[in-house]
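None of the values given here were measured: they were computed from a predicted structure.
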Protein chains: 2
Amino acid sequence: MNKLKPRGENAATAVDVTDLILNDIQTGVLAPGSWLKQIDLERRYQCTRPEVRRALDRLAQRRLVEHVPNRGYHVFEPDGRQAAEISEIRVLLETGVADKVVANASSLDIQALRSLASRFDRMILEGTPIQLYEANLTFHHRLLSLCGNEELVNLVTEIRQRTSSAPVAQWKTRARIEQSSREHHEMIDAIAAGDAAALRDAITRHIRQN
Amino acid sequence: MNKLKPRGENAATAVDVTDLILNDIQTGVLAPGSWLKQIDLERRYQCTRPEVRRALDRLAQRRLVEHVPNRGYHVFEPDGRQAAEISEIRVLLETGVADKVVANASSLDIQALRSLASRFDRMILEGTPIQLYEANLTFHHRLLSLCGNEELVNLVTEIRQRTSSAPVAQWKTRARIEQSSREHHEMIDAIAAGDAAALRDAITRHIRQN
DNA sequence: TTATCATAAATTGGCGCCAATTTTAGTACC
DNA sequence: GGTACTAAAATTGGCGCCAATTTATGATAA
């Protein structure tokens, strides 16, 4: 008598609809401001109505979509003020642990960071915008993890999602992308040199001008 | 033909079950680690099953309760590491805007803060632990609001809820409470003196030793 | 021709039932 | 007397239906 669902289903089926919708918002498939009709989502993600509703409620809690009673949910578009304020929060958190990052970084970590930064560079040329976006996330996640504060890493990951509705489109020009790339390497150099002040400076510029 | 529900019901009925449960967790009525049975909540708050479930899901998203599939939800108890990490995050955010707070504070704001700090002092003697807790929240909220970053205020309010499961019980001794009181006045003095460094120092000590 | 109102279609959101899983209690067996 | 197995009770969680509200459509009158 073999149990088909051992305990948490297989890993592939385990992904929640919330993440699917979230992903489509991040990649810009679901445009900022657009209305998310429950029937459409139901069909698009091949799931039931209650699942859609739970996902929408969760995303509304995380302020990625906005709920208007009896009207439905639409993709949230942060105004300039909110975006600026969130950027400032990121600056505070990420520069605040710069010294910890520098202190904890082993030569192996630095090597890994260089590899991830290079991967970002490669994606500028060869990858899709989504791959570029993900390479960027991976780099920043790896760097921030060095601070040793797991909760902080989670928090930054969460609020980064709120920064721009369609983060894929955040790099408007090619020049801006390449500037980002340079800043990545600049951060690594600062870490390698043990220069926390330089790291803080690079991080601040990097976040503020996105 | 009078409409009994004008647009969003009357303000009293509008409070969500989520807030009710949250409040009972904060005040320690629902003890850390205890299981939240849906039937009990349903009866306790006079609401329907789906309402209970939505509330539990929201609280689980905010990591105030933990969800174990097919077992239910229980009040989350943060371990020492998590509590310490969250405190560090608060230190970074609240000290990070100390200069802004000092810069923006008018004499009227300072007056208001003194009033709120006094209210806290009064609650030590005359109030219930819950009133004391709320007076403390009000004071900190008012102070932090001076930074001008609305998103940051919201964020701190949110993560403060995650710090301790039963925040009412956070002040273990009378001595600790009175120390908190002194630190409140210390913060105000620093603001009045325009001394951002002193404010940062007071905030750091205040958060770390809770 | 355009504005307004009524009717119809579509969408949201609340509620209850039932299946799946877990826990508890009881019983038989070692 | 203790342990393992079985059956029943309790709890969780998924799903579909229907009422309430909103939006779209069309008709009528100015």
Side-chain angles (χ1 to χ4, degrees), chain A residues 1-22 24-25 30-31 33-76, chain B residues 1-22 24-25 30-31 33-76:
Chain A
M1 210 182 284
N2 52 356
K3 301 182 72 177
L4 286 174
K5 297 179 180 179
R7 182 148 275 262
E9 299 199 354
N10 50 62
T13 321
V15 292
D16 188 17
V17 201
T18 313
D19 298 323
L20 267 50
I21 300 177
L22 171 63
D24 281 348
I25 292 175
L30 298 172
S34 64
W35 287 92
L36 302 174
K37 299 209 170 113
Q38 296 182 6
I39 289 190
D40 294 344
L41 301 174
E42 196 174 342
R43 282 200 272 257
R44 173 181 248 274
Y45 303 105
Q46 288 293 314
C47 60
T48 65
R49 180 63 61 94
E51 279 180 300
V52 169
R53 279 224 286 210
R54 186 157 54 98
L56 288 173
D57 185 67
R58 286 180 176 176
L59 293 171
Q61 293 295 309
R62 292 161 70 177
R63 310 225 337 235
L64 275 146
V65 303
E66 199 171 18
H67 176 56
V68 184
N70 291 321
R71 290 277 314 268
Y73 300 80
H74 62 91
V75 181
F76 185 69
Chain B
M1 213 180 277
N2 52 353
K3 299 182 74 177
L4 287 174
K5 298 179 180 180
R7 182 147 275 260
E9 299 199 353
N10 49 63
T13 322
V15 292
D16 189 17
V17 200
T18 313
D19 298 324
L20 266 51
I21 300 177
L22 171 63
D24 281 348
I25 291 175
L30 299 172
S34 64
W35 288 92
L36 302 174
K37 299 209 169 107
Q38 296 182 8
I39 289 191
D40 294 343
L41 302 175
E42 196 174 342
R43 283 200 272 257
R44 174 182 248 274
Y45 304 104
Q46 289 293 316
C47 60
T48 64
R49 180 64 59 95
E51 278 180 301
V52 169
R53 277 230 294 247
R54 186 159 53 99
L56 288 173
D57 185 67
R58 285 180 176 177
L59 292 171
Q61 294 294 310
R62 292 161 69 177
R63 309 225 337 237
L64 275 146
V65 302
E66 199 171 18
H67 176 56
V68 184
N70 292 321
R71 290 275 315 269
Y73 300 80
H74 62 90
V75 181
F76 185 71

Sequence neighbours excluded, the answer for side-chain contact (heavy atoms from CB on, under 4.5 Å) partners of B:Arg71 is B:Trp35, B:Val68
Residues 41-61 of chain B vs ring-ring contact (aromatic ring centres under 6.0 Å, His included), sequence neighbours excluded, gives none
Query raised in the report: Under 4.0 angstrom, heavy atoms only, what part of the nucleic acid is B:Leu56 near: base, sugar-phosphate, or nothing?
Result: nothing
Would you say that B:Ile21 contacts B:Val65 through its side chain, given a criterion of any heavy-atom pair below 4.5 Å between the two side chains? no
To the nearest angstrom, the CG-P distance between A:Asp40 and C:dA10 comes to 13 Å
For B:Asp57, the side-chain contact (heavy atoms from CB on, under 4.5 Å) test, sequence neighbours excluded, returns A:Arg54, A:Arg58, B:Gln61
Protein-nucleotides 7-10 of chain D N/O pairs closer than 3.5 Å?
none

For B:Arg63, the side-chain contact (heavy atoms from CB on, under 4.5 Å) test, sequence neighbours excluded, returns A:Glu151, A:Asn154, B:Gln82, B:Arg162
Output one line per pair: protein atom, nucleotide atom from nucleotides 13-17 of chain D, and distance, for all N/O pairs under 3.5 Å.
residue : atom : partner : partner atom : Å
D:dG13  : OP1  : B:His67 : NE2          : 3.3
D:dG13  : OP1  : B:Asn70 : N            : 3.0
D:dG13  : N9   : B:Arg53 : NH1          : 3.2
D:dG13  : N7   : B:Arg53 : NH1          : 2.6
D:dG14  : N7   : B:Arg53 : NH2          : 2.8
D:dC15  : OP2  : A:Thr48 : OG1          : 3.2

Across all chains, not counting sequence neighbours, the salt bridge (Lys or Arg N to Asp or Glu O under 4.0 Å) partners of B:Arg43 are none
B:Arg53 meets the side chain to side chain donor-acceptor pair (under 3.5 Å) criterion, sequence neighbours left out, with none
Residues passing the side chain to side chain donor-acceptor pair (under 3.5 Å) test with B:Thr48, sequence neighbours excluded, are B:Glu51
